[in-house]
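Below is one structure; the comments refer to it alone.
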Amino acid sequence: MEKRVVFQNRYLPYLLIAPQIAITIVFFFWPASQAVVQSVLREDAFGTRSYFVGMENFLALFEDEYYLNSFKITALFSTLVTTIGLSLSLLLAVTADRLVRGTTAYKTLLIWPYAVAPAVAGALWGFVFLPGPGIFAWLLLQAGVDWNFHLNGNQAMFVVVVAATWKQISYNFLFFLAGLQSIPKSLIEAAAIDGAGPIRRFWSVVFPLLSPTLFFLVVVNVVYAFFETFGVIHSLTRGGPAKSTEILVYKVWYDGFEAQDLGGSAAQSVILMAIVIGLTVIQFRYIERKVHY
Amino acid sequence: MAKVTLKSVKKNYGPVKAIHGVDMEIADGEFIVIVGPSGCGKSTLLRMIAGLEAITEGEIVIGDRVVNDIEPADRDIAMVFQNYALYPHMSVHQNMSYGLRIRGMDKANIEKRVQRAAEILQLQPYLQRKPRELSGGQRQRVAMGRAIVREPSVFLFDEPLSNLDAKLRVQMRLEIKRLHQQLGVTSIYVTHDQVEAMTLADRLVVMNQGRADQIGSPFDVYGNPATTYVGGFIGSPAMNFLSCRVETGTGGPKAVLADGTALMLPAEWTPPAGNYTIGIRPETMRIARPGETAQLHLNVDVAEELGADTLLHGKLGDEDLVARVPSHAGYHDHSRPGLMIDIARAHLFDPESGLRIAL
Amino acid sequence: MIERRPVANAFGHLMLVAMIIIVAFPIYLAVVAASHTIQDVSQTPMPLLPGAELLTNTARALFDGPQLVGVSGATPAIVLMMNSLIMAIAIAVGKIIISLLSAFAIVYFRFPLKNFFFWMIFITLMLPVEVRIIPTYKIVADLGLLDTYTGLVLPLIASATATFLFRQFFMTVPDELVEAARIDGAGPMRFFWDILVPLTRTSIAAMFVIQFIYGWNQYLWPLLIASDYKYQTIVLAIGRLIRAPDAFYEWPVIMGMAVLALLPPVLVVVLMQRWFVKGLVETEK
């Protein structure tokens, strides 16, 4: 797309775009390229010299059972966050869309968790599930569950999934609702005249028309679960107990900063970059195809 | 105020030629209308005069200055756009005064000019409103007000009425005409609407695929179209074009139509014998009176009742012909009236080039 | 809708209300915890109804901060919130300014390398800070920006999202406005300030809400850059305090701080809901 009318000026456009480009180069491209360079280097024991090791850092990673474990944990975590979050918010959006009254009020009352920081979401839920004062922890203990998410890996995973999903529900809800409201009412009425009941209408008319939104949200939620939940993990479990909630992003940070393994951390960064690029490409491929309809 | 001269002005978009070389002299205070269908290059030509499009070749002179390389703001022109192009976040007053403020004119002077323009256009009650709070006609007036306050030597109008409904369009057309009489500023007006063109223009420019087919007074363009294109474009319904063969012989020249009908041409016409296109305006035909020998018979398919007139649509051989006759003539679908033609008002055109044959 | 089904409707309302309660529950509990003495909160389970100490605890959170052995120096929430506010506003305003400028350049000028620059900005979408932690940290360290506001803000203000949103909006501005402005004698920057920016108000407001929240909620980046307590943000402090070994001595104050940490962005979203929802849905198109 191009404007028919443009201004003529030789230097001004460069001046205008310069701040953005400067920051992009200094803080995005340079570090990203450094990550790639470091991922094939290793520092000697004193940290004074580094030498080229080729793919060794990567190979080491794929032999590292903790790293492979972290991959599995991330896969489990993001699958749970995405499926639970999307199903719940779809159900809520469909319910709110059906109701004639109150949709706007419900929207207002459901959107604000979007504004809560992941780390704060972690703190809030951590408190609710905290053995001792935590209400849910108490309820679980009353029900005979041996509850302590600081000691039990599965329970820790449960709490981080709850906190991460809770924060994302409002975002999903807003998009589902917008998607539902953009479906022409006449289509649904036509289906009703054809004799389709509400459930049938949902699956044969509404859901297919909602699938672009659904697809978009799947990608967004996977990206969210992969990268933006660092705060949830850090504030709730610090990746523990026994690395049972150590997702990839947490491990990059931990290995680089706490364990000072620069080459290993850089190699992990490069793998993460590949994952984001893959997800972005998938998303844009899909959007492009959608546009061509 | 100034005269405007175009000297073989050309415009290319890459390999595509949009304007093929237009020559024009516009006198000081004249109202010129450039008319043509969409894509004929009329807006491009106007935008070149405004300085919004670069000139590929040729020269544009406003007053005594060649303006080819002069910024639009410095050409001493003002322009009224099709969609008004009012700044949506500014009040009417701010919209009109924006250009003057940029030029650094002093407040008192700006105020004087804005008030005067508002008075002329009856916009005083709306000066503090935003464009979205105005009707289409009022917005149009603000757009003109913005041009007036500049007190330019040339007004440029780019289809300014095409976004208005039919009734308002007629009203605004009159206002523009009155405004021109009052201010007397050289105006160049682009439209695709031939009625607007005919009613507003001192002189018309009929554009066809990047060329000016004819420049002349409305009367002249209507009565003596330079090409079949002009004849077909100006006038509604359009001029009828029938292919014919002119034979010269005893009893004067005559045109033989495709269905064999022979029309006697005026004796003073002396076209060489050969194939032509004859152009006949629908209103130059009438129903043959009782006792008259009809010059031709028309098989009417549809009779369109317009109130004052009836349009008889029919075929002569396999060519379409429309005649405009008074309503009370009583002809209707599938009748076959005999028609008389005022042949002196017909024209012969070259069937290849479409140019009118001088007779 | 098509069928009139009072029972189904009632059930729908019931479900939404239940969900709203569940969603609000952890925050309610944080407020309750912040309104009791530490003795009350230490019961198992803690009380479910608000107590009388909310003001006292909030005041302590704001002006003293929790007194913990494991965390060196108690930083009052007011200092932390001020840091968060500076960071959030600087990031939001910075992103908006540089994105407006670059979108203006991209839409309203033709110049060599334009598409190259556009792609450069686009690619930043694929490089979230989380995937380039160490090298970015190193650059900021080399520039001497650790423990500075500049270090907290500057690396985060490049924004493909905002640039795309503004670009998209600029494309819908009619060309005639530029032409009218040119005839009125306005140059590019005059057009930008007098006409384009005022027209973009709504998108700017939407972007401000989204980026304010983004800035306020940053966690990993301040964790790397702000080792000095003077530069810590409130969200970062919550994440640290909640895991402190002796946190249970100070639950009411810590929960009070958690509420303070989420209040500003939540207020911004609720008060500017109209722009926020519009902006959110439009950026992702």
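Note that these values count all heavy atoms, side chains included, but never hydrogens, waters or copies made by symmetry. Chain letters run A, B, ... following the sequence lines, proteins first, then strands; residues in each count from 1.
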>> As an exercise, state the distance from NE2 of B:His89 to CZ of C:Arg201, rounded to the nearest 0.5 Å.
In response: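 Here the interatomic distance stands at 7.5 Å.
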Step through the shown structure and confirm whether more than 12 heavy atoms of other residues, nucleotides or ligands are within 6.0 Å of [atom1] on [X].
X	atom1	value
B:Lys112	NZ	no
B:Gln122	CD	no
C:Phe116	CZ	no
B:Gln209	CD	no
C:Met82	CE	no
B:Asn109	CG	yes

> Between C:Ala180, C:Pro198, C:Ala181, which shows the greatest number of heavy-atom pairs under 4.5 Å with chain B?
Replying inline: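 Max contact count across the listed options: C:Ala180.
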>> Are there residues of residues 184-197 of chain C whose heavy atoms fall under 4.5 Å of chain B's heavy atoms? If so, which?
In response: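 C:Asp184, C:Gly185, C:Ala186, C:Arg190, C:Asp194, C:Ile195, listed by number.
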Which bit of [X] comes within less than 4.5 Å of chain C, counting heavy atoms only: side chain, backbone, both or neither?
X	value
B:Tyr87	both
B:Leu100	neither
B:Arg146	side chain

> Should C:Ile183 and B:Phe81 count as side-chain neighbours, where that means a heavy-atom distance under 4.5 Å?
Replying inline: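 Touching, per the 4.5 Å side-chain cut-off.
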> Would you call C:Glu176 and B:Gln82 a side-chain contact if the rule is heavy atoms closer than 4.5 Å?
Replying inline: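 No, every pair of side-chain atoms sits at 4.5 Å or beyond.
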